[in-house]
Participant: 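Shown below is the structure under consideration.
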Amino acid sequence: MGLKIKRQLCVGCRACEIVCAARHYDEFNPKRARIRVPFTHPLPSPPKFCFQCKKPKCVEACSKGALVRDEVKDIIVYNKEKCYMCFKCVEACPFDGIFYDELNKEILKCDLCGGDPQCVKFCQKKALYN
Amino acid sequence: MKGYLGKLLDINLSNESYRVIELDTSFYEKYIGGRGLGARLLYDMLPAGIDPLSHENIMLVLTGPLTGTIVPGAGKFVVVSKSPVSGGFLDSYSSGRIAVEIKFAGYDGLIIRSKASKPSYIFIEDEKVEIRDASDLWGQDTFATEEMLQQLAGGKEVGTMCIGPAGENLVNFASINSDYYRQAARGGIGAVMGSKNLKAIAVRGTKGVRCADTEGLMELVLKHKEMLDKSPVVQNRIKYGTPSTLDITNEVGMLPTKNFQTGVFEKARGVLDGEGVRSGVIQSRGCYGCMIACSKITKVKEGEFKDALVEGPEYETVGLLGSNVGVDYLPAIIQANILCDRLGLDTISTGNVIGFAMECYERGLLPEKYTNGLQLNFGNYHAVLRLIEDIAYRRGFGDILARGVKGASEAIGGGSSYFAMHVKGLEFPAYDPRIGLGTALSYAVSPRGACHRRAWPPSIEVLGHLEPYEIEGKAGAVKKLVDENSVFHSMLVCDFPAKWVPLKVKDFAEYLTLAVGRRYSEKELWEAAERIETQIRLFNIREGLTRKDDTLPPRVFKDALLEGPTKGNVVAPEQLEKLLDDYYELRGWEKDGTPKMETLVKLGLPNV
């Protein structure tokens with residue numbers, strides 16, 4: 001089951017973004033995060049992330065089979081080997097929840113940290129849950 | 001070394017060149033980062049006696065070893081320079097995305113030298129560094145500038161810092177703004193940037209920060225996060241933000257009112273205090289990774305300023321653009337806050353300067369040519385709003401006030417320096433120092449001028465256990481507070497989570513150890529603070545500041561507070577002199593405030 005958010009509780013602090021990259025790459029680098037908080041003014045915005053949709057537009061858009069819905073784990077899995085970097089998934093996601101890693105040249109999407117999402121742990125306002 | 005990047009980007013505006021400088025590890029070990037590193041670099045890089053607003057001054061934009069990590073409050077930067085206000089050391093702090101973007105671009109900080117031949121801005125994307133034409137940005141307010149900078153970055157999000165018209169016009173208390181509502185505001189740092197023809201800096205970095213033990217560091221943050229839930233101070237800050245400070249300052253009688261004539265403003269109750277401001281709050285915002293999110297976004301519901309919206313107002317703004325100018329109408333304070341933010345002015349000094357002008361007016365010291373029909377009575381918020389714009393654009397009387405209370409009192413004369421509330425040219429923050437001798441001492445010895453950020457002694461003599469007017473042990477207690485903040489501001493972390501969770505120097509020694517990968521002891525950090533504070537003293541001494549500058553304006557010595565629990569409070573000059581003796585002694589400085597040779601040797605500082 002994917003991440004969920006109570007939008008009204010979010011204060012835009014980016015803790016989710018910061019710990020996401022730290023968990024996956026052992027570095028503090030929001031530009032490699034799989035959940036991202038866009039800077040908006042004057043009011044902050046809650047993060048964008050993958051909702052692990054039941055009928056995913058990203059999977060539909062991917063002609064190479066790099067994105068697949070794993071019905072057992074109930075998440076959408078990315079396979080870099082099959083990816084042609086066409087960014088159709090990024091464009092197709094209605095929630096802007098798929099990103100690009102400039103460093104590793106790969107698609108980034110939430111994998112729920114294998115079942116123990118760090119962002120939920122660090123969300124002080126308890127806006128994120130799963 | 002992890003945590004640090006070991007590099008500074010050194011930019012020369014006059015010949016549009018840049019280079020990357022690698023810093024020796026010993027610099028980081030001795031000075032930590034932020035305030036400390038800035039203190040040593042400024043001392044080494046600036047020739048003595050230069051004019052702060054000339055091309056010879058430099059601006060250091062610095063981060064710290066924890067910047068960019070998930071450590072509480074690690075999203076700040078400091079701008080260090082020679083102060084146009086005091087002629088001494090200036091450090092001015094802010095949050096904003098640019099703090100972490102500088103690190104992600106691969107630098108611990110930026111060195112900005114010389115002066116551009118025309119309005120310019122600096123664009124940095126990792127190794128790419130460009131000095132670009134800013135003729136379209138010059139003259140724009142800070143909000144418009146930020147929006148334009150984002151567009152100029154071509155769709156990629158950048159962290160920015162910029163000045164408004166006040167900085168361009170070299171107003172003595174111009175700020176540098178970041179993320180719309182965050183300011184490195186104190187000490188006229190915006191004027192230094194303006195004097196360099198530098199409108200803005202935009203940075204984007206893709207590299208990230210690596211720590212020696214990322215997992216250990218995150219575990220420690222989680223542990224502190226649990227403490228936070230149990231802290232009543234944190235819960236209060238989450239609910240009210242800083243404005244609930246007014247509940248205390250008004251209650252005990254240290255709320256600056258009508259240019260520090262009294263410490264109580266009855267009309268503030270329920271209107272400008274925690275509950276009063278909270279009635280307008282529509283949303284909270286957290287700085288980078290912050291666990292508290294004390295920033296409150298406020299919107300005016302009705303009346304002539306209907307729909308005015310600001311991230312704030314913070315306590316300092318409510319105090320100085322409210323009670324200090326006799327205004328009890330929150331929507332007008334919000335509007336004044338917006339104007340200051342847009343024009344790039346420090347709300348603290350702005351409130352001081354206008355309060356000072358109002359007292360001059362009520363005492364009949366202002367000739368008609370200055371006021372030009374404007375009724376400058378306390379409480380006239382229309383006059384406040386008008387003066388804010390006049391100051392930023394240096395129009396008419398605004399040109400006098402743009403010099404700060406010290407400069408304005410020199411121009412106005414008539415004995416007005418008696419109530420020009422400043423130390424070393426920097427206007428008072430929103431705590432009357434007559435509340436207690438520790439507060440008075442902390443203002444007097446603060447290197448950049450009157451300041452509540454170097455130490456906040458009300459924590460020990462109002463909320464704590466020390467008698468406000470007891471001299472014994474006071475200098476030592478203040479020194480400890482100064483040293484603690486010196487560590488936090490060198491680290492460089494926001495001291496709000498540190499103070500409120502609370503986290504101690506010991507906890508940050510642990511964070512630093514996990515980030516850098518070398519064992520740091522608590523003792524080592526306290527020693528670094530000693531070194532940093534004496535290094536800053538060396539700079540100020542070299543620039544001609546002496547013991548006589550560690551003083552307070554005549555009002556604090558001569559006018560007793562008029563009402564409330566502090567009624568009759570006044571600081572005796574001999575009390576301050578005794579405290580200075582004690583403080584210097586504890587620091588290892590001579591009676592005249594010059595560091596002793598043995599102190600320099602002990603701390604490993606340059607011998608003059």
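Computed from a prediction, not measured in an experiment: that's the story for all the values here. Heavy-atom basis, side chains included; hydrogens, waters and symmetry copies ignored. Chain A is the first sequence line, chain B the second, and so forth, proteins listed ahead of strands; every chain is numbered from 1.
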Participant: Could you check whether atom NZ of A/K73 has more than 12 heavy atoms from other residues, nucleotides or ligands sitting under 6.0 Å from it?
Facilitator: no
Participant: Any idea which of B/G68, B/G289, B/G75 has the most non-hydrogen atom pairs under 4.5 angstrom with chain A?
Facilitator: B/G289
Participant: Counting only heavy atoms closer than 4.5 Å, note whether A/C10 contacts chain B via side chain, backbone, both or neither.
Facilitator: backbone
Participant: Give, as side chain, backbone, both or neither, the part of A/T40 having an atom under 4.5 angstrom from any heavy atom of chain B.
Facilitator: backbone
Participant: Which atoms form the tightest heavy-atom contact between B/K225 and A/Q124, and what is the distance?
Facilitator: CG-OE1, 2.5 Å
Participant: Roughly how far, to the nearest 0.5 Å, is CZ of A/F39 from CZ of B/R97?
Facilitator: 4.5 Å
Participant: With heavy-atom distances below 4.5 Å as the criterion, would you say the side chains of B/I297 and A/P44 are in contact?
Facilitator: yes
Participant: Does atom NZ of A/K80 have more than 12 heavy-atom neighbours, drawn from other residues, nucleotides or ligands, at distances under 6.0 Å?
Facilitator: yes
Participant: If you measure from NZ on B/K156 to CD on A/E102, what distance do you get to the nearest 0.5 Å?
Facilitator: 5.5 Å
Participant: Report the option among B/E157, B/E215, B/E147, B/R204 that has the most heavy-atom pairs separated by less than 4.5 Å from atoms of chain A.
Facilitator: B/R204
Participant: Among B/L309, B/L222, B/V221, single out the residue with the greatest number of heavy-atom pairs under 4.5 Å to chain A.
Facilitator: B/L222
Participant: Would you confirm whether B/R285, through its side chain, and A/P42, through its main-chain N or O, come within 3.5 Å as a donor-acceptor pair?
Facilitator: yes
Participant: Heavy-atom cut-off 4.5 Å, strictly under: side chain, backbone, both or neither for B/K103 against chain A?
Facilitator: neither
Participant: If you draw a 6.0 Å radius around NZ in B/K7, do more than 12 non-hydrogen atoms from other residues or ligands fall strictly inside?
Facilitator: no
Participant: Check whether B/F104 gets within reach of chain A through its side chain, its backbone, both or neither, counting any heavy atom under 4.5 Å.
Facilitator: side chain
Participant: Roughly how far, to the nearest 0.5 Å, is CD1 of B/I282 from CG of A/L43?
Facilitator: 5.0 Å
Participant: Please state whether the side chain, the backbone, both or neither of B/E226 comes within less than 4.5 Å of a heavy atom of chain A.
Facilitator: neither
Participant: Is any residue of residues 114-121 of chain A within less than 4.5 Å of chain B by heavy atoms, and which ones?
Facilitator: A/Q118, A/K121
Participant: Could you list which of residues 18-35 of chain A have a heavy atom closer than 4.5 Å to any heavy atom of chain B, in residue-number order?
Facilitator: A/I18, A/V19, A/A22, A/Y25, A/D26, A/E27, A/F28, A/N29, A/P30, A/K31
